[in-house]
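Here's the structure, in structure tokens; my notes come after.
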Amino acid sequence: MTLTIATWNVNSVRQRLDNIARFVEAQAPDVLCLQEIKVRDEDFPAEALRGLGYEHQLVRGEKGYNGVAILSRRPLAGQNARSWCDKDDRRHASVRLDGEIELHNFYVPSGGPKPDRDANPKFDHKLSFLTEMADWAREEAIADRPLVLLGDLNVAPLETDVWNHKRLLRNVGHTPVESEHMARLLEAGSFIDAERHFVPPEEPLFTWWGYRFAESFQRDYGWRLDHVWVTPPLAGALRSITVFREARSWPQPSDHVPVILTLG
DNA sequence: ATGACTTGTAATACAAGA
């Protein structure tokens, strides 16, 4: 019995319904975690997604920005969510699957244009968010429970997580201070980076290609911003990771592609 | 090159993404 869980920053769930249907037709993950749904709960296309087989849904949306959802073919338990950094933006949702696996879906703040905590409040928010996640992981002792943490974490921590390390070192998303914050979070939960468990760190691995750079995908000017982590109790269940790159070449794509985890 | 494109909101311009 395997369990497949996908994460995808869709950059507006309403604009991406056709792509989501195409992805589900190709991969049919048991659970589909979305970020940046950009819609109020009451306007979420719940019926269309039920039609794709996702009868069980936890939606945490807001108007215009952010928003996450967990869609599942199997029953969900323990639906939950919390606020981070004393804001009521919708960046997190969690559930329990098959009675025991905890799943946390995150959309970490992007951090604004300038990697300067003092000059740019959005960058400060991003670092505070990552610190709060690490505190949570430690305080809740999540390392001892079977738990999957995934989503758009908006940090590409390794040199091979961006298309040009030297050139992008001072760009938000790839600065050393962000990578350090992410490393502290990884350590706080004793997490295994499932993507790098299957793809060696020497090998470039990307999940996002920007819209602005013409032909960014064709030239593979990518970043690894989307992550899938598991705690040690799930280490023995890791079967595969698939970065579904082809979704970036479809019409009207999201700038992120889905990543699929298989547990068995 | 502090830009390029895409989205939502609101009203044809702006904020936000990263």
Side-chain angles (χ1 to χ4, degrees), chain A residues 7-20 34-45 59-69 84-85 87-92 106-130 151-182 204-227 243 247-259:
Chain A
T7 176
W8 194 5
N9 179 324
V10 287
N11 183 20
S12 171
V13 68
R14 289 175 293 185
Q15 293 294 331
R16 224 61 66 201
L17 277 175
D18 288 349
N19 297 51
I20 292 170
L34 304 178
Q35 302 91 33
E36 280 206 273
I37 59 176
K38 295 188 174 178
V39 66
R40 294 183 193 89
D41 292 0
E42 56 265 40
D43 297 324
F44 186 79
V59 180
R60 294 272 299 161
E62 64 178 282
K63 182 179 177 179
Y65 303 105
N66 309 324
V68 296
W84 302 82
C85 301
K87 292 178 186 290
D88 65 356
D89 51 8
R90 304 296 205 257
R91 297 181 176 276
H92 171 244
F106 279 95
Y107 174 50
V108 172
S110 63
K114 199 179 171 193
D116 181 335
R117 281 196 102 144
D118 300 316
N120 172 13
K122 291 179 183 178
F123 194 69
D124 183 59
H125 179 212
K126 181 179 197 173
L127 297 183
S128 298
F129 197 103
L130 292 166
D152 177 3
L153 304 187
N154 265 321
V155 180
L158 307 180
E159 295 188 12
T160 50
D161 290 337
V162 293
W163 63 275
N164 187 326
H165 167 65
K166 274 192 169 176
R167 175 171 171 159
L168 297 171
L169 249 182
R170 287 168 200 83
N171 281 54
V172 171
H174 190 59
T175 62
V177 65
E178 290 167 274
S179 298
E180 286 159 16
H181 277 68
M182 176 169 269
L205 183 63
F206 311 139
T207 65
W208 175 87
W209 296 262
Y211 290 125
R212 293 193 211 177
F213 209 144
E215 301 183 332
S216 68
F217 183 61
Q218 288 76 6
R219 296 167 186 236
D220 207 16
Y221 292 165
W223 298 50
R224 184 170 73 107
L225 300 178
D226 302 275
H227 297 263
V243 176
R248 188 62 178 80
S249 65
W250 293 346
Q252 286 188 284
S254 169
D255 41 359
H256 298 254
V257 296
V259 181

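Since this is a predicted model, take the numbers as computed values, not measurements. Each chain gets a letter, A, B and so on, in the order its sequence line appears, and its residues count up from 1.
B:dT6 and B:dT12 are spaced 23 Å apart, taking the P atom of each and rounding to whole Å. Taking atom P on both nucleotides, B:dA15 is separated from B:dA10 by 14 Å, rounded to a whole Å. Here, B:dA13 and B:dT2 have their P atoms 25 Å apart, quoted to the whole Å. Taking the P atom of each, B:dA16 and B:dA1 are spaced 26 Å apart, rounded to whole Å.
Under the side chain to side chain contact (heavy atoms under 4.5 Å, CB included) criterion, A:P45 pairs with A:V13, A:R14, A:L17, A:A48, A:L49, not counting sequence neighbours. Take A:S254 and apply the side chain to side chain donor-acceptor pair (under 3.5 Å) test, not counting sequence neighbours, and it matches no residue.
Looking at A:E36 and A:N9, their side chains do bring a donor and an acceptor atom within 3.5 Å of each other.
Using cut-offs of 30° and 60° on the angle between ring planes, the pair A:Y221 and A:W163 is parallel.
The CZ atom of A:R248 sits 13 Å away from the P atom of B:dC5 (whole-angstrom rounding).
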5' to 3', nucleotides 8-18 of chain B under a 4.0 Å protein heavy-atom cut-off (B base, S sugar-phosphate only, - none) gives SSS-----SBB
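Heavy atoms from other residues, nucleotides or ligands lying under 6.0 Å from CD of A:Q252 number 12 at most. Shown here is A:D43, whose CG atom has more than 12 heavy atoms of other residues, nucleotides or ligands within 6.0 Å.
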